[in-house]
Enquirer: 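Handing you a structure now.
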Amino acid sequence: MGMELYESLKRGEDVRKNLIALKQELKEDAARDALQGELQGDPALFAGFLSHEDPKVRKNAALVLGRLGQARSAGLLYDAYRQEEKLFVKSSYLSAMAGLDISPYREGLGQRLKELEAYSPKAEEEKHIREELAGLRKLLAGEGSYQRHRFQGYDGRYELLLTTGRLYPKVTAEQVKGGQAFLLKGGVRVVTSHIRPILSIPTYRELLFFLNVRKLSGDVREAARALAQSNLLELLGRAHQSGGPFYFRLGIQSRMLLAQRSKFAKECAFALEQESGRRLRNSTSGYEVEIRLIEGSNGTFLPLVKLFTFAENRFAYRKCTIAASIKPEQAALAARLARPYMQEGAQVLDPFCGVGTMLIERDRLCPAGYLYGLDIFGQAIDGARENARLAGKEIYYIHRDFFTFQHEYLFDEIITNMPGRGRGDMRKQEQDAFYGRFFEKADSLLKEKGKVFLYSDEKNFVKKQLRIRREFTLLQEYAMDEKGNYYLFIIEKRGQA
């Protein structure tokens, strides 16, 4: 099909229509390879279309050249871009140049970027200028086009939001030192002049900065103006060492439909650039700041700021992960909830350890004696060993099936994130049997009065085993998320009567 379209284009037939169709065809590797072989590095046919009187022909010809990826096309596209008078076409040339060697044209592209950043477009031009700016910034990203900022304001006064979910914000609030903590729905508001101790708290999800404005209008221009006039720029300036503009993205949490939300974000981000005198510049990649707008019930937005200019080292050990890995802040929360039942110096086993997060977080909170981790997935065991090394923990990780594992002495505790939920009736039967085998094996490996800290998404199977196995008793149960998908069970093995 692609070659038929090419032959039609050579004859000048339905040029716009065939270019659009060919552009779609070239998404497939086979079609692209065939046409590249036919052209043998000569893009003359498509280069000719770059000067066609129809701007949509020029636009699609540029995108076809970009998908063909021929080295000679970079200069042709750059020249056509410079000569293009229709604003709606210009971003297509930039998209087409992505992946090509633009080094000879970097200076010219950079100059055009500066011109656009200093330009105040008319209302009818705004959409196209936004698209061209985004294209230029994406094309020049990683080319030294701007200086990264380094966070230095660790001792400044801040008002923070530590997001936690709705169930246990108090657990995080209790760990705040050197500041005031206030419970909110889904988080903890913290006022502090010492941010370093906050950064070490393991149970929050995100750290966000409040601004001195709490409500933004749903009108794009008014919202951007209020942000620019807030303490946002002052906050960024005093917290960072180097000058220059800050590159940001705008995140919208709203009831709007996706298309509406995207339109609002693009327009508001562009308006914020203008209102801030370009001290804030929008970028879809390489951004240092996320400005998050959360819509309230009355249609106004709460603005919050997330910084990517400092490293959060609370989980610096966790370099290795797998798809089934528990989130470290959730593992830390589970350990905090289970802490009253833990024993210092305990002999601890994780039968499904993955990359070791549960064991490491348990030992960070309450130092154990010996720690063992098992998993049948060799890549997970390798990752767990590396994570333990980085955490400075001595943990014995063994590539072995829990159900065939034997040990010379019994354990004080079993802590684990149980393998995930099955799907369908047969999977449910398998999971039911799996939980039965787990409790049977746990009984053989635990001391009397030994504890099981079980993180699971199978509440009913756990409760079933507790009903039929009288050697175990439930001490405590915690829902671990608002939807009741995950639970933490604290279980004790009963002594003999």
Enquirer: Report the C-alpha distance between Lys266 and Glu273 in whole Å, list the side-chain angles of each, state the deciding distance to 0.1 Å, and finish with yes or no for salt bridge (charged side-chain N to carboxylate O under 4.0 Å, His left out).
Expert: CA-CA 11 Å; Lys266 289 176 181 178; Glu273 280 200 36; over 6 Å; no

Enquirer: Can you tell me how far apart OG1 (Thr473) and CZ (Arg494) are? Round to the nearest 0.5 Å.
Expert: 4.5 Å

Enquirer: Do NZ/NE/NH1/NH2 and the carboxylate oxygens of Glu458 and Lys428 come within less than 4.0 Å?
Expert: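 Not counted as a salt bridge, because no side-chain N and carboxylate O are separated by less than 4.0 Å.
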
Enquirer: Does a salt bridge link Glu386 with Arg389, judged by any charged N lying under 4.0 Å from a carboxylate O?
Expert: yes

Enquirer: Does any pair with a residue in residues 174-186 pass salt bridge (charged side-chain N to carboxylate O under 4.0 Å, His left out), and if so which ones, sequence neighbours excluded?
Expert: none

Enquirer: So, for Leu227 and Leu232, which heavy atoms are closest and what is the spacing to 0.1 Å?
Expert: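 Heavy atoms only, the tightest pair is O-CB, 3.9 Å.
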
Enquirer: Could you check whether Thr357 and Arg318, counting side-chain N and O atoms only, form a donor-acceptor pair closer than 3.5 Å?
Expert: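 Per modelled atom types, Arg318 and Thr357 side chains form a pair under 3.5 Å.
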
Enquirer: Side chains of Arg336 and Gln175: any donor to acceptor distance under 3.5 Å?
Expert: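 Present: a donor and an acceptor within the cut-off.
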
Enquirer: Would you be so kind as to tabulate the donor-acceptor pairs closer than 3.5 Å made by side chains of residues 207-220, with sequence neighbours excluded?
Expert:
from	atom 1	to	atom 2	distance (Å)
Asn212	OD1	Asn231	N	3.1
Arg214	NH1	Leu211	O	2.6
Arg214	NH2	Glu159	OE1	3.2
Arg214	NH2	Glu159	OE2	2.5
Ser217	OG	Asp219	N	2.9
Ser217	OG	Glu222	OE1	3.1
Asp219	OD2	Arg221	N	3.2
Asp219	OD2	Glu222	N	2.9

Enquirer: Just do the side-chain hydrogen bond (donor to acceptor under 3.5 Å, both in side chains) check on Tyr435 and Ser456 with the steps written out, would you?
Expert: CA-CA 10 Å; Tyr435 273 77; Ser456 172; 2.6 Å; yes

Enquirer: Which pairs, with at least one residue in residues 300-311 and sequence neighbours excluded, count as a salt bridge (charged side-chain N to carboxylate O under 4.0 Å, His left out)?
Expert: Glu206-Lys306

Enquirer: State whether a side-chain donor-acceptor pair under 3.5 Å links Tyr486 with Gln330.
Expert: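 No.
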
Enquirer: Thinking salt bridges, do Arg292 and Glu290 make one under a 4.0 Å N-O criterion?
Expert: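 So Arg292 pairs with Glu290 through a salt bridge.
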
Enquirer: Taking only residues two or more places apart in sequence, or in another chain, which ones meet Arg32 in a side-chain hydrogen bond (donor to acceptor under 3.5 Å, both in side chains)?
Expert: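 Arg32: side-chain hydrogen bond (donor to acceptor under 3.5 Å, both in side chains) contacts with Asp29.
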
Enquirer: Could you tell me the separation between the CD atom of Glu132 and the CG atom of Leu113, rounded to the nearest 0.5 Å?
Expert: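 Answer rounded to 0.5 Å: 9.5 Å.
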
Enquirer: I need the Arg314 CZ to Ile201 CD1 distance, nearest 0.5 Å.
Expert: 9.0 Å

Enquirer: So, for Ile252 and Ala265, which heavy atoms are closest and what is the spacing to 0.1 Å?
Expert: CG1-CB, 3.8 Å

Enquirer: Quiz question: by atom type and distance under 3.5 Å, do the side chains of Ser91 and His128 form a donor-acceptor pair?
Expert: no

Enquirer: For Lys447, does the NZ atom sit with more than 12 other heavy atoms under 6.0 Å from it, leaving out its own atoms?
Expert: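 Above 12, so yes.
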
Enquirer: Would you mind reporting whether Val191 and Phe182 have side-chain heavy atoms less than 4.5 Å apart?
Expert: yes

Enquirer: Per the salt bridge (charged side-chain N to carboxylate O under 4.0 Å, His left out) rule, what does the pair list look like for residues 481-490, sequence neighbours excluded?
Expert: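 Residue pairs with at least one partner in residues 481-490: there are none.
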
Enquirer: Of all heavy-atom pairs between Pro245 and His149, which one has the smallest distance, and what is that distance?
Expert: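 Closest approach of Pro245 to His149: O-CE1, 2.9 Å.
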
Enquirer: With sequence neighbours excluded, give me every ring pair (Phe, Tyr, Trp, His ring centres under 6.0 Å) pair touching residues 320-369.
Expert: Phe352-Phe402, Phe352-Phe434

Enquirer: With sequence neighbours excluded, what pairs up with Glu413 under the side-chain hydrogen bond (donor to acceptor under 3.5 Å, both in side chains) test?
Expert: Arg362

Enquirer: Nearest heavy-atom pair of Ala368 and Asp363: which atoms, and what distance?
Expert: N-OD1, 2.7 Å

Enquirer: Could you tell me whether Tyr372 and His407 have their ring centroids closer than 6.0 angstrom?
Expert: yes

Enquirer: How far apart are the closest heavy atoms of Leu63 and Ser95, and which atoms are they?
Expert: CD2-CB, 4.2 Å

Enquirer: Have Tyr317 and Glu361 got a donor and an acceptor in their side chains that come within less than 3.5 Å?
Expert: yes

Enquirer: Let me see the working for Phe301 and Phe264 under ring-ring contact (aromatic ring centres under 6.0 Å, His included), right down to the final yes or no.
Expert: CA-CA 12 Å; Phe301 291 89; Phe264 182 92; 5.3 Å; yes

Enquirer: Identify each donor-acceptor pair in which a side-chain atom of residues 166-173 lies under 3.5 Å from a protein atom, sequence neighbours left out, and give them as a table.
Expert:
from	atom 1	to	atom 2	distance (Å)
Tyr168	OH	Ala479	O	2.7
Thr172	OG1	Thr203	OG1	2.8

Enquirer: How would you list, by chain and number, every residue that makes a side chain to side chain contact (heavy atoms under 4.5 Å, CB included) with Gln347, sequence neighbours excluded?
Expert: Tyr370, Tyr409, Phe411, Asp412

Enquirer: Any salt bridge between Glu471 and Lys493, counting N to O under 4.0 Å?
Expert: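 Salt bridge between Glu471 and Lys493, a charged N being under 4.0 Å from a carboxylate O: no.
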
Enquirer: List in chain and number order the residues that pass side chain to side chain contact (heavy atoms under 4.5 Å, CB included) with Gln152, two or more places apart in sequence or in another chain; answer none if no residue qualifies.
Expert: Gln241

Enquirer: Less than 4.5 Å apart, side chain to side chain, heavy atoms only: is that true for Gln180 and Val190?
Expert: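 Heavy-atom side-chain distance check fails, nothing below 4.5 Å.
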
Enquirer: Which heavy-atom pair separates Glu329 from Tyr204 by the least distance, and what is that distance?
Expert: CB-O, 3.4 Å

Enquirer: With Ala433, which residues qualify under side chain to side chain contact (heavy atoms under 4.5 Å, CB included), at least two apart?
Expert: none

Enquirer: Any side-chain heavy-atom pair from Arg339 and Cys366 closer than 4.5 angstrom?
Expert: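 Side-chain contact under 4.5 Å: yes.
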
Enquirer: With sequence neighbours left out, write down each residue that passes side chain to side chain contact (heavy atoms under 4.5 Å, CB included) with Glu440, or none if nothing qualifies.
Expert: Arg469

Enquirer: Looking only at the aromatic ring of each residue, does the gap between the centers of Tyr487 and Tyr478 stay below 6.0 angstrom?
Expert: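 Ring-ring flag for Tyr478/Tyr487: false, centres at least 6.0 Å apart.
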
